[in-house]
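A short write-up of the structure that comes next.
All chains are named by letter (A, B, ...) in the order of the sequence lines, taking the proteins before the strands, and each is independently numbered beginning at 1. Note that the structure is a prediction, hence the values are computed from the model and not measured.
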Amino acid sequence: MEFVFTEEQAMIGETARAFFAENATSERTRKAMAATGQDAGIDRELWTAFCQELGLSGIGIPESAGGAGLGLVELAIIAEAAGAQVAALPMLGSLALSAQALAAGGSAEQQAAHLPGLLSGAVIAGYVHDAGITANGSSLTGSAGFAAHGSSAQLFVVTSNTGAWLVPADAPCVTVTPLTTMDQTRPYARVTLAAAQGEPLADPAAAIAAAHRAGFVAVAAEALGGAQAALDRTVAYARERVQFGRPIGSFQAYKHRLADLMIEIEQARSAVYWAACAVDEGSEEAALAVHAAKSFAADTFFLCAGNMIQLHGGIGFTWEHDAHLYFKRARAIQSMLGSGEWHREQVATMILGEVA
Amino acid sequence: MKLGFSAADELFRQECADWLNAEMAGEFRDIKGITKLTASPERRKEWEQRLGEAKWGCIGWPEQWGGRNATLAQQVIFAEEYARAGVPGRVNHIGIELAGPTILAFGSEEQKRRFLPDIAAGKTIFCQGFSEPGAGSDLASVRTKGRLENGAWIVNGQKIWTSLAHISDWIFVVTRTEEGSKGPKGLTFLMMEIDQPGIEIRGIKQINGDAEFNETFFTDARCPADSMIGAVGDGWKIAMGLLAFERGVSTLGQQMAFRNELDELIAAAKANSAASNPLIRQRIAKAEIGLRLMRYGALRMLSNTDHSKIDGAALTYKIQWATWRRNLGELAMDVLGQAGEVTEGSEYEWDTLPNLFLYSRADTIYGGTNQIQRNLIAERGLGLPREPRGDV
C-alpha cells in the first residue's frame, strides 16, 4: 500500500504537462475549434507530435498488442495533463475507447491490422455506442448521435450492449453527419448504419468492458485536469485583480468559493487515481470506483468551470477568455458516457440492490 | 502507486482481527458496539490499559516508549480492524494522538520517560485545554494566565470545550505567561494534573442531551516547572505542531466508525423502503462515494512523504469529513422520517442515527470551523492574501 506516484509515474506526468502546456496553447486550440470537415476540433500537428515524438499514445495498451504497456494510472496521468489545457485531440475516441476495446476484445489479427495505425496517429478511430444497434449476421443497422470527433474517423468501433464490431467510415451504407457542437474541441458526429457490414470483434464483452473502464477513467482524469486548471487560473486572477483597494482574492466571499473548489478537486484526485489503480490491480472495488470517479470528477469540473466564469466577472463571459472552453468541456463530460445520475444509480444498485 | 496490501500485511490484519474479536467476545464484551464517547468511562479506561498491556495502544510509536514501530500499512490495518470489530472509540485519543506525539516532538528526555510509557499503557488519560470563551476561532487570543512562583507555574483562567476533561488525569494548557503580550507571542505550553484543588470541571449539556464537553476553571492551579513543554514563550509553536498531528492514522479508524454509521443508515433505508426512492438512492450513492474518497484521500495524505509542498489532501481533510458527516446526519433523518424524532425510552437519549444528526452539528465547528478551514485552505493551500485583521 503506497498511494503516491512512483518516480516513473511522476516523470510521465511532468513530461505530459510540459508537452501540453507548451503545445496545446489557446491559440492553437481555437484554430482547431474553427476548423471544419475532417479537421474539426483536432490540432493535427499536436496529435502527430503526441503519438510519434512524445510516444505516449501506447500507454495503457499491452506491449503484446504493440502498446507501451503500463496501465490506467499512466493513461489517467496523460488525460489529466491534456484536460488541463482543453487540448483539441481525438484521444478519448481513438485511444481510450477504440484502442482499448480493440486491445481487450480484438483478435490478434484485428489488433495487428488496426492498433499500429491508431497508436501512430495515422488513423483516427471513432467510438460509436447505442443500445439500439441491431445486427443481422454481420449487417448492422442503427444510429448513434454522439461519436466524438466522428467526422475525423476513418474507422469506427461500434458497440451495442452485447456486440462490438469494426466498421470503416467509408464503407457502403455508413453515413457520418457532422454536428455543430457546443464543445468545439470535441465535436460530435451522427453515425448512421443502414445495413452496413461490420467485422465482429473476437470478444465483444471484453471490448465493451475495457472501453467503459478506460473511458470512464480517462474522462474523469481529463475532468480533474480541467478542474485544477480552472481553479489555478482563477486563483491567479484573484491575486492580481484589485477592487475596493484590495486584491479580490482577499475577500472571504471570494476566497471561500475557491477553497470549496479545492476541497472538491482533492476528492476528485483521490477518485481518479483510486479508480485507475483499482482497475490496474484487479481490485474488487474497481467496478464501483470507475462509476464514482466518472460522476464525481465530472461534477467537480463543472463546478470549477462555472465558478471560473463567475469569479472572473464580465471578462469570463467573453469568447476571448478561455473560461468557456473549460465550461463547455465540463458540461460535455457530464453528459457523455453516462450521466452522473446514471453512474450513481449503478453505485446505489451495488450497495442497495435493484429498486424494489 | 499501489493500493493492495502485501501478504505479510494481510497476516498482520488477521492477527489484529483475531485479538480484537477475542477481547470483544471475552472480558470486554460489555463495551462492544458502544458509539458514544461518554458511555461506560471506567470500563473504557480499563480497556485502554488492556490495549497497553498487549502493546496495541500506540503501535506507531517507537518500541522504547511502548509502541511497536509499526509501518504505515500496519497502522492503517489496525485502525480498520479496530472499528470493524466493533470496539468503542479510544477515550484517550487526545493522549495518544496529540499529547504523546507532542511530547515526542518537543519534550525533554526526562518528560518522554515520565509521560510516554504511561500514555502507551493507557494509564494517563489526557484532555486538551486550548479554547476559551474569548478564544474560539481566534485561538491566539487566549487569556488564561500563568506566572512562575517558587519554581512552579500558577495558572488562573478558564478553558472551554475540554472534551472528556471529567474523566481525564491530565490536561495540556496554552497559557499567557508574558504580561501584556498579545496574539501568538508570550504563550507557554503546560501539562497539568487535573486532580488538584485549583481545577474545577463543569459539564456542558449539548443539543443531543449528552455532556462530552466541559468548562475547566483554573484558580491558582499549580504546575511544576518541569511539566512545561519547550521553553517559555514557545506555546504557539507547540500548539500548532500539535494540531498537525491531528491528521494522523487515527483518521482511518474514525472512517471505519463512519462506515458503521453509513451501514446502519443503509439498513434503515432498506427496512423502511426509502431505498426504493430514487432521490434517496442518489444521496446514499453520494455518501458511499464520499466515504470511499475520504479513505483514499487519507491514504494519499499518509503515503505522502514529500513535505516540501502543501499537501492538498491533508489541508482539505477536516472540512471534507465534517461536512460529509453532517450531510449523513441529515440524510439519516430523511430516511427515518418522523420515526427518527422519537425514542421509546423515557430519557432524552438517542440511537446512533438521530444522535448522529444532532452530534454532527459539532463536527463542522470543533477543531476549526468550516469557515476557518476555508480560510486556511485559501491562504495556505491557494496562496490567497490574508483577510485584514483588526487590533488584537
Non-hydrogen atoms of chain B under 4.5 Å away: do they reach the side chain of Ser283(A), the backbone, both or neither? neither
Side chain to side chain contact (heavy atoms under 4.5 Å, CB included) between Ser303(B) and Met1(A): does it pass, once the steps are laid out? CA-CA 8 Å; Ser303(B) 300; Met1(A) 198 283 300; 4.1 Å; yes
With under 30° as parallel and over 60° as perpendicular, where do the rings of Tyr296(B) and Trp274(A) fit, or are they tilted in between? parallel
If one checks every heavy atom of Asp9(B) against chain A at 4.5 Å, the contacting part turns out to be neither
Can you say whether Arg269(A) sits under 4.5 Å from chain B via the side chain, the backbone, both, or neither, judging by heavy atoms? both
Which region of Arg386(B), side chain (C-beta onward) or backbone (N, CA, C, O), has a non-hydrogen atom less than 4.5 Å from a non-hydrogen atom of chain A, or is it both or neither? backbone
For each of Ala259(A), Gly249(A), Ser270(A), tally heavy-atom pairs with chain B at distances under 4.5 Å, and name the one with the top tally. Ser270(A)
Step by step, work out the side chain to side chain contact (heavy atoms under 4.5 Å, CB included) result for Thr323(B) and Ile263(A). CA-CA 11 Å; Thr323(B) 307; Ile263(A) 295 161; over 6 Å; no
Bottom line for Leu231(A): the part with an atom under 4.5 Å from chain B's heavy atoms is side chain
Is it the backbone or the side chain of Tyr254(A) that comes under 4.5 Å from a heavy atom of chain B, or both, or neither? neither
Do the side chain of Glu288(B) and the main chain of Val347(A) share a donor and acceptor less than 3.5 angstrom apart? no
Tell me if the CG atom of Asn260(B) is crowded by more than 12 foreign heavy atoms within 6.0 Å. yes
Contact origin within Leu288(A) toward chain B - heavy atom pairs under 4.5 Å: side chain
Can any side-chain N or O of Arg300(B) pair as donor or acceptor with the backbone N or O of Glu266(A) at less than 3.5 Å? yes
Determine the minimum heavy-atom distance between Leu382(B) and Arg239(A), stating which atoms define it. O-NH1, 3.8 Å
Would you mind checking which part of Gln373(B) comes under 4.5 Å of any heavy atom in chain A, side chain (CB onward), backbone (N, CA, C, O), both or neither? neither
Counting heavy-atom pairs under 4.5 Å with chain A, which one of Gln282(B), Met1(B), Lys286(B) comes out on top? Met1(B)
Measure the OG-CD distance between Ser6(B) and Glu2(A) for me, rounded to the nearest 0.5 Å. 12.0 Å
Using the side chain to side chain contact (heavy atoms under 4.5 Å, CB included) rule, take Glu387(B) and Lys255(A) through it: C-alpha gap first, then chi angles, then the decisive distance, then the call. CA-CA 10 Å; Glu387(B) 183 84 356; Lys255(A) 65 165 48 153; 4.2 Å; yes
For chain B, which of Gln267(A), Arg246(A), Gln9(A) has the most heavy-atom pairs under 4.5 Å? Gln267(A)
A side-chain contact here means heavy atoms from C-beta on lying under 4.5 Å apart; do Ser250(A) and Leu384(B) qualify? no
Say you draw a straight line from CZ of Arg374(B) to CG of Asp260(A); how long is it, rounded to the nearest 0.5 Å? 4.0 Å
Using heavy-atom distances under 4.5 Å, tell me whether Val4(A) contacts chain B through its side chain, its backbone, both, or neither. both
For Arg281(B) and Val355(A), the nearest pair of non-hydrogen atoms, with its separation, is NE-CG2, 3.4 Å
Other residues, nucleotides, ligands: >12 heavy atoms within 6.0 Å of Glu15(B) CD: yes
Ignoring hydrogens and geometry, is there a side-chain-to-backbone donor-acceptor pair from Glu281(A) to Leu3(B) under 3.5 Å? yes
For the interface with chain A, which of Gly290(B), Ala275(B), Gly383(B), Pro278(B) has the highest count of heavy-atom pairs at distances below 4.5 Å? Gly383(B)
Which one wins on heavy-atom pair count under 4.5 Å against chain A: Ala73(B), Gly297(B), Gly4(B)? Gly4(B)
Is there a side chain to side chain contact (heavy atoms under 4.5 Å, CB included) between Arg292(B) and Glu285(A) once you walk through the steps? CA-CA 10 Å; Arg292(B) 307 252 187 159; Glu285(A) 278 195 312; 2.8 Å; yes
Below 4.5 Å from any heavy atom of chain B, which atoms of Phe5(A) appear? Answer side chain, backbone, both or neither. both
Find the distance between CD1 (Ile284(B)) and CD1 (Ile351(A)) and round it off to the nearest 0.5 Å. 6.5 Å
Count the heavy atoms belonging to other residues, nucleotides or ligands that lie under 6.0 Å from CZ of Phe20(A), then report whether that count exceeds 12. yes
Which region of Thr349(A), side chain (C-beta onward) or backbone (N, CA, C, O), has a non-hydrogen atom less than 4.5 Å from a non-hydrogen atom of chain B, or is it both or neither? both
Among Met350(A), Gln346(A), Glu264(A), Glu345(A), single out the residue with the greatest number of heavy-atom pairs under 4.5 Å to chain B. Glu345(A)
